[in-house]
Amino acid sequence: MEKVQQVYISQFPEYEGKEVLLKGWVANRRTTKNVVFVVFRDGTGFTQLVIDKQLAGEEAYKEADKLGLETAIEVKGKVVRDERQIGGFEVHVSEFKVIGESEDYPIAKKEHGIDFLLDHRHLWLRHRRPWATMRIRNEVVFAIHKFFQERGFLQLDAPIFTANACEGTTTLFETDFFGQPAYLSQSGQLYGEAMALACNKIYVFGPTFRAEKSKTRRHLAEFWMVEPEMAFYDLDMTMDLMEEFIKYLISQVLKNRQFELSLLERNTTILESSASKPYPRITYDEAVEIIKGTRKVNGRSSLDVLKEDLAKTQEEIKKLEAEEKSLEKQLGTPGLGEKKKARLQGQLGKVRERLHKLRERAKNIPLWIEQAENFPYGEDFGGAHETVLTRLFDTPIMVYKWPREIKAFYMKPFEDDPNFVKGVDMLAPEGYGEIIGGGERETDLNALLDQIKKHHLPEEAFQWYLDLRRYGSVPHSGFGLGLERFIAWMGGLHHVREAIPFPRYYGRLTP
RNA sequence: UCCCCGGUAGCUCAGCGGUAGAGCGGGUGGCUGUUAACCACUAGGUCGCAGGUUCGAAUCCUGCCCGGGGAGCCA
């Protein structure tokens, strides 16, 4: 092969009309009489290769026609503008050679179930949706570091092996640490507090582990959390920081990852409002009133919104049921052509799938209404309550001033209202739920000892933590952002397991 | 641990008491600057496992296993 410059697909705008060398993989292939079209990827993007008999020769055409999906190839050709293609360019190939063969690639050119795809996660990562998602993940991670570094925070790591449970509630993974039981960290917070009192403003950014057998779209057994901790910060300063932080992350994704968002077919309306509009700050008491429907938001009550929703859902169900019947009748007609029959069956499948989802929804809404109306004051919100609450807003909301009993032992009570603590949760819109939990920490040694006893936690294990209150205790605060939940919200992903390269959750340890 | 839904071809699914089906993917041939291309032919199955009901079970019943969603817990 003659020497030409090797470039990446991402550099195409600088190389229009030029002869270049590309190295990558065959993502898809279509053959026509004189031309083979290859959808080609090199990790930086996707483009179409055109292997024409005239230009590349009869041999190249025949060889290209045999290329299996995901064959690694080296290509020489000219970058040509073509507005019909993704990225706006295609490559007219003059020569190519195979670097690595690929036969019977397991992921077919069609829809697959999530379980099959996750069994092939190591290969699935090569495809468009995961590719776009991973680029958004990287954008978010980079933006997190930029945000904190620009504000003088130090990134410091908390240990992963710990001797005790942080908050004493969740189930932890137990391991053997040279003959002693040790647990995988469920939060870096307590260590973050120690580091903040040493370096003022710090953030812990690492993996965390929870051994709950959670089977929901919001849970993983291993996930990444960003936990800033700031000395001399009170609750209000913390809420200001949280809002500024989330707005910054969203704006960076919107600015730099439009193409990836479009590949995910993400409607960005709510992301845009969330990047600019102020986030409502609501006390727990107010949130309860909103959930119960006794307090209106912008003239709307949560229960009315749900009832409207139910009516709309039922209407759509009726429409689809009629469509289902009509399709079934058409399918029952004798003498249908195979082609026509297949098409009808395809349509019927889609209608049924949509019906299934709507029926599920129609079944759930009355339950939500009931749960909302009968919400027992003083308890934590469940998924249904969060949905009811966040549905009324087009930005994240911050719920603060929580009843002391339902929050962790280290939370600081309000001086003028000691039954409530200075904790705050940020709830994302569009059903993505809690993305941040945090607040101001207890500073008083005796108050903390009291809480440790009330929560039945082992006092000895917390001696080092209590030292932070013995020697120069100061007001301080912090919060934790669930990275995968945030990414799932950005990308409009169905499940947090799509937001991490190799998810770990109950029932999934490989690949 | 509990509740709901599911397990049929490599993949996505239909069939729900009477001879196991379609699309995609594989193979062969045709057509075509194609966009998950298209058309024809072809190969491909212990209907999750075990037991029961029945003349007859993918279909009904029971138990178990696996998966999905939710509760709990939380980021």
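We use all heavy atoms of the structure for the numbers below, so side chains are in, but hydrogens, waters and symmetry mates are not. The model shown is predicted, which means the values in this text are computed figures rather than measured ones. Numbers restart at 1 for each chain; the letters A, B, ... are given by sequence-line order, proteins then strands.
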Given A:Phe420 and A:Tyr400, is the ring-ring contact (aromatic ring centres under 6.0 Å, His included) satisfied, shown in steps?
CA-CA 9 Å; A:Phe420 292 87; A:Tyr400 67 103; over 10 Å; no

Would you please test A:Val226 and A:Phe486 for side chain to side chain contact (heavy atoms under 4.5 Å, CB included) and show each step?
CA-CA 11 Å; A:Val226 195; A:Phe486 182 76; over 6 Å; no

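Across the interface with RNA chain B, nearest-nucleotide mapping of A:Asp82 and A:Pro106 shows A:Pro106 to be the residue nearer the 5′ end.
Ring pair A:His145/A:Phe205: centre-to-centre distance below 6.0 Å. For A:Phe462 and A:Phe409, the gap between ring centers is short of 6.0 Å.
Separating the CZ atom of A:Phe46 from the P atom of B:rA36 is a distance of 14 Å, rounded to the nearest angstrom. Rounded to whole Å, atom C1' of B:rC74 lies 10 Å from atom CD of A:Glu386.
With hydrogens and angles ignored, no donor-acceptor pair closer than 3.5 Å exists between the side chain of A:Arg30 and the base of B:rC38. Scanning atom types as modelled, no donor and acceptor separated by under 3.5 angstrom connect the side chain of A:Glu90 and the base of B:rU35.
For the pair A:Lys33 and B:rU32, the criterion of a side-chain N or O lying under 4.0 Å from OP1 or OP2 is met. For A:Asn28 and B:rU34, the shortest distance from a side-chain N or O to OP1 or OP2 is not below 4.0 Å. Using a 4.0 Å cut-off, no side-chain N or O of A:Arg210 falls inside it from OP1 or OP2 of B:rG72.
The C1' atoms of B:rG56 and B:rC16 are separated by 15 Å, rounded to the nearest whole Å.
Checking B:rG51 for Watson-Crick or G-U wobble geometry (two distances, each under 3.5 Å) identifies B:rC61 as its partner.
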Between protein and nucleic acid, restricted to nucleotides 67-69 of chain B and to nitrogen or oxygen atoms under 3.5 Å apart, what atom pairs and distances do you find?
residue : atom : partner  : partner atom : Å
B:rG68  : OP2  : A:Lys215 : NZ           : 3.4
B:rG69  : OP1  : A:His495 : NE2          : 3.4
B:rG69  : OP1  : A:Arg497 : NH2          : 3.1

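At least one test fails for A:Arg128 against the ring of A:Trp131: distance under 6.0 Å to the centre or angle within 45° of the axis.
The aromatic ring of A:Phe37 does not stack onto the base of B:rG33, failing the criterion of a centre distance under 5.5 Å from the six-membered base ring together with planes under 30° apart.
Side-chain proximity of A:Gln48 to the nucleotides B:rC73, B:rU35, B:rU12 is greatest for B:rU35.
For residues 240-250 of chain A, the pairs satisfying side-chain hydrogen bond (donor to acceptor under 3.5 Å, both in side chains) are A:Arg151-A:Glu244, A:Asp240-A:Arg281, A:Glu243-A:Lys247, A:Glu243-A:Arg281, with sequence neighbours left out.
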